[in-house]
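Here the structure comes first, spelled out in structure tokens, and everything after it is commentary.
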Amino acid sequence: MIEIKHVTKTFGSKTAVDHIDLNIPAGEIVGFIGPNGAGKTTTIKMMSGVLEPDEGDILIDGKSIRSEPLEAKKRFGLVPDSPDMFLRLKGIEYLNFMGDIYEVESSLREQRIASLADTFEMRDALNDKILSYSHGMRQKIVLMGALIHEPQVWILDEPMTGLDPQSSFHLKQMMKEHAAKGKTVFFSTHVLEVAEKLCDQVAILRQGRLVRAGSMAEVRGDASLESVFLELEGVQDGH
């Protein structure tokens with residue numbers, strides 16, 4: 001599970017994330033939604049230790065990302081908001097690099113790479129440089145790298161961006177299976193229909209503040225998630 005405790009982040013005079021409290025339980029898929037600039041990526045960067053909160057703390061399976069960063073980072077796989085990294089490495093070099101970081105034993109690593117490459121149809125591209133990949137292929141290789149150590153907690157920032165329909169379907173199935181094993185899936189998305197169909201819980205962020213969070217049934221009520229989201233935007237804007 002993930003516990004976000006009273007977390008705040010400012011950049012100069014702008015408060016990007018404003019005193020967020022959120023519990024993300026194991027065994028469920030939790031969607032993180034909000035308009036552009038709401039603070040979703042900043043929150044995920046703090047969850048993964050890329051940014052440090054000005055206030056508060058974040059626990060990954062009970063390990064603080066601030067005081068026990070290595071222990072916390074061993075427990076999650078991260079898909080960041082951009083897949084444009086390590087572009088001069090070949091796909092297989094990148095996956096082996098990630099396997100080395102997470103100390104995945106070589107024979108197990110080979111099995112997982114083969115399985116993930118088949119799932120995402122990347123087997124023929126592994127010996128090509130990531131620089132030559134399309135955006136969707138880069139997204140796939142980053143996903144594969146994040147999952148190679150089979151982490152308990154998945155933290156995914158817009159993971160389906162650029163994926164073809166088949167890969168998107170496979171990823172959604174993998175998310176369901178991961179949660180069904182009692183593990184944690186937390187992902188941000190702009191696609192409300194995906195969140196509505198996939199998520200057990202949802203958290204809505206607006207201007208750095210958590211404006212609604214709970215089970216999908218609680219947040220949605222008798223309406224669609226889209227109508228709730230638009231109503232929150234309209235009410236907040238005074239329309």
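No hydrogens, no waters, no symmetry mates; every other heavy atom, side chains included, goes into these values.
A donor-acceptor pair is defined here as one N or O able to donate and one able to accept, closer than 3.5 Å; no such pair exists between the side chain of Q139 and the backbone of P83. Side-chain N or O atoms of N23 include none that pairs as donor or acceptor with a backbone N or O of E3 at under 3.5 Å. The closest donor-acceptor contact from the side chain of S134 to the backbone of M137 lies under 3.5 Å. Within the 3.5 Å criterion, the main-chain N or O of D164 finds no donor-acceptor partner in the side chain of S168. R209 contributes no side-chain N or O that, together with a main-chain N or O of A38, makes up a donor-acceptor pair within less than 3.5 Å. A distance-only check finds a donor-acceptor pair linking the side chain of H178 to the backbone of Q152 [under 3.5 Å]. Panel note: side chain Y133, backbone A125; a donor-acceptor pair is recorded below 3.5 Å. Of the possible donor and acceptor atoms, one in the side chain of R112 sits under 3.5 Å from a partner among the backbone N and O of I148. Side-chain atoms of E218 come within 3.5 Å of backbone N or O of S215 as a donor-acceptor pair. The backbone N or O of G39 sits less than 3.5 Å from a side-chain atom of T43, completing a donor-acceptor pair.
Side chains of S107 and E105: a donor-acceptor N/O pair is present below 3.5 angstrom, by distance only.
Once rounded to the nearest 0.5 Å, the distance linking CE of M122 with CE of M144 reads 6.0 Å. Note that OG of S188 is 4.5 Å distant from CD of E158, once rounded to the nearest 0.5 Å. Here the straight-line distance linking atom NZ of K74 with atom CG of D61 works out to 13.5 Å at 0.5 Å rounding. Here the straight-line distance linking atom CD1 of I33 with atom CD1 of I204 works out to 4.0 Å at 0.5 Å rounding. Atom CE of M216 is separated from atom CD of E196 by 6.0 Å, given to the nearest 0.5 angstrom. Put simply, CG on L225 and CG on L192 are 5.0 Å apart, with the number rounded to the nearest 0.5 Å.
Between P53 and E55, the closest side-chain pair of non-hydrogen atoms is not below 4.5 Å. Taking the side chain as every heavy atom from C-beta outward, L156 and M175 approach each other to under 4.5 Å. For the pair M174/T119, a side-chain contact is recorded, criterion being any heavy-atom separation below 4.5 Å from C-beta on. Using a 4.5 Å heavy-atom cutoff, the side chains of I113 and L126 are in contact. Side-chain atoms of R206 and L232, non-hydrogen and from C-beta on, never get closer than 4.5 Å to each other. Here the side chains of K63 and L59 are not in contact, with every heavy-atom distance at 4.5 Å or above. When side chains are defined from C-beta on, M85 counts as touching P80, because their heavy atoms get closer than 4.5 Å. Side-chain contact between S167 and K140 is present, with at least one heavy-atom pair separated by less than 4.5 Å.
In summary, R66 and D57 do not engage in a salt bridge, as defined by a charged side-chain N under 4.0 Å from a carboxylate O. Taking 4.0 Å as the cut-off between side-chain N and carboxylate O, K40 and D157 do not count as a salt-bridged pair.
Residue A146 comes nearest to V79 through the heavy atom pair CB-CG2, 3.9 Å, listed as atom of the first residue, atom of the second, then distance. When all heavy atoms of T15 and T10 are compared, the pair lying nearest together is OG1-CG2, 3.5 Å. The nearest pair of heavy atoms linking T189 to A195 is CG2-CB, 3.9 Å. Nearest heavy-atom pair, S227 versus A223, reported as atom, atom and distance to 0.1 Å: OG-CB, 3.1 Å. Taking both residues in full, the closest heavy atoms of A26 and G182 are given as CB-O, 3.3 Å, listed atom of the first, atom of the second, then distance.
Hydrophobic clustering (side-chain heavy atoms under 4.5 Å, transitive across Ile, Leu, Val, Met, Phe, Trp, Tyr) groups Y102 together with W154. Both V185 and L116 are assigned to one and the same hydrophobic cluster, defined by single-linkage of ILVMFWY side chains at heavy-atom distances under 4.5 Å. F187 and V50 fall into different hydrophobic clusters, where Ile, Leu, Val, Met, Phe, Trp and Tyr side chains are chained together by heavy-atom contacts under 4.5 Å. Linking ILVMFWY residues whenever their side-chain heavy atoms come closer than 4.5 Å, directly or via other members, leaves F169 and M160 in distinct clusters. Linking ILVMFWY residues whenever their side-chain heavy atoms come closer than 4.5 Å, directly or via other members, leaves V191 and F229 in distinct clusters.
In terms of the ring pair (Phe, Tyr, Trp, His ring centres under 6.0 Å) criterion, residue partners of H19 (sequence neighbours excluded) are, by chain and number, H6. Residues that satisfy the side-chain contact (heavy atoms from CB on, under 4.5 Å) test with E93, not counting sequence neighbours, are L89, K90.
The aromatic rings of Y94 and F86 are tilted relative to each other, their planes meeting at an angle between 30° and 60°.
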side-chain hydrogen bond (donor to acceptor under 3.5 Å, both in side chains) assessment of H190 paired with N36: CA-CA 9 Å; H190 280 109; N36 290 334; 2.7 Å; yes

Trace of the side chain to side chain contact (heavy atoms under 4.5 Å, CB included) decision for L163 with L143: CA-CA 11 Å; L163 291 185; L143 270 164; 4.0 Å; yes

Worked check of salt bridge (Lys or Arg N to Asp or Glu O under 4.0 Å) between R75 and E71: CA-CA 7 Å; R75 286 166 165 74; E71 285 303 311; 3.3 Å; yes

Residue pair D100, R109: steps toward the salt bridge (Lys or Arg N to Asp or Glu O under 4.0 Å) verdict: CA-CA 9 Å; D100 288 342; R109 182 188 308 188; 2.9 Å; yes

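Clustering of Ile, Leu, Val, Met, Phe, Trp and Tyr side chains at separations under 4.5 Å places I20 together with I2, I4, V7, F11, V17, L22, I24, V30, F32, I44, M46, M47, L51, I58, I60, I65, F76, L78, V153, I155, F186, L205, L210.
In this structure, K45 places its NZ atom where only 12 or fewer heavy-atom neighbours from other residues, nucleotides or ligands lie under 6.0 Å away.
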